[in-house]
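Reading through the structure tokens given below for one structure.
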Amino acid sequence: VIAQERMSNNHVYCFHKKQPHKYSWVVECRSQIEHGARPSSTTYMQMYNNAGRGHAENNQIRMTLPYIRIDVPVVVIFRALGFVADRDI
């Protein structure tokens, strides 16, 4: 018998990345319905490191969503969900 460990579904996991790395923090959430045969879908959120002066990714937070191949800024996600004012975001 071999024991296997895996991360549970429907929980948020935060990982602090050791430097030097592209990201300083990575957040992962695997979503799955409780009673069903559909596989889980994973959402990632990454906080970019300070790349230095003049770089576009300085402390930017971006998300990787299921079925979307590129990283999307989290502000765009909130705007799509209906949060228009910067104060609400």
Side-chain angles (χ1 to χ4, degrees):
V1 176
I2 298 173
Q4 232 180 354
E5 228 181 277
R6 67 172 196 180
M7 296 189 315
S8 63
N9 293 323
N10 302 327
H11 283 88
V12 178
Y13 293 98
C14 301
F15 303 104
H16 185 70
K17 295 294 185 179
K18 291 183 181 179
Q19 300 309 315
H21 199 273
K22 187 177 181 179
Y23 311 117
S24 57
W25 286 92
V26 175
V27 176
E28 179 179 326
C29 181
R30 294 173 189 241
S31 302
Q32 184 177 22
I33 57 174
E34 291 194 25
H35 303 290
R38 212 177 126 207
S40 63
S41 62
T42 307
T43 302
Y44 297 99
M45 185 181 294
Q46 304 95 0
M47 183 174 174
Y48 282 77
N49 269 331
N50 276 337
R53 225 176 136 157
H55 285 98
E57 286 115 9
N58 283 343
N59 286 334
Q60 205 177 62
I61 300 173
R62 299 174 77 86
M63 290 184 73
T64 304
L65 300 169
Y67 308 110
I68 299 178
R69 294 182 184 214
I70 60 170
D71 293 341
V72 181
V74 77
V75 175
V76 173
I77 303 293
F78 278 114
R79 295 273 165 95
L81 291 172
F83 296 97
V84 178
D86 289 340
R87 187 176 193 119
D88 292 339
I89 296 174

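Considering CE of Met63 and CD1 of Ile68, their distance stands at 9.5 Å, rounded to 0.5 Å. For the atom pair CE of Met47 and CZ of Arg62, the computed distance is 13.5 Å after rounding to the nearest 0.5 Å.
Cluster annotation: Val74 and Tyr44 are assigned to distinct hydrophobic clusters (Ile/Leu/Val/Met/Phe/Trp/Tyr, side-chain heavy-atom contacts under 4.5 Å, transitive). Under the 4.5 Å side-chain heavy-atom criterion for ILVMFWY residues, a single connected hydrophobic cluster contains both Phe78 and Ile70. Note on Trp25: it clusters hydrophobically with Val72, by side-chain heavy-atom contacts below 4.5 Å among ILVMFWY residues.
Using a 30° and 60° split on the angle between ring planes, Phe15 and Tyr13 fall in the parallel class, below 30°.
The side-chain heavy atoms of Pro66 and Thr42, taken from C-beta on, include no pair separated by under 4.5 Å.
The closest donor-acceptor contact from the side chain of His16 to the backbone of Ser24 lies under 3.5 Å.
Of all heavy-atom pairs between Tyr23 and Asp71, the closest is OH-OD2, 4.1 Å.
Screening residues 18-28 for salt bridge (charged side-chain N to carboxylate O under 4.0 Å, His left out) gives Glu28-Arg30 as the qualifying pairs, with residues at least two apart or on separate chains.
For Asn9, the side-chain hydrogen bond (donor to acceptor under 3.5 Å, both in side chains) test picks out Gln32, with sequence neighbours left out.
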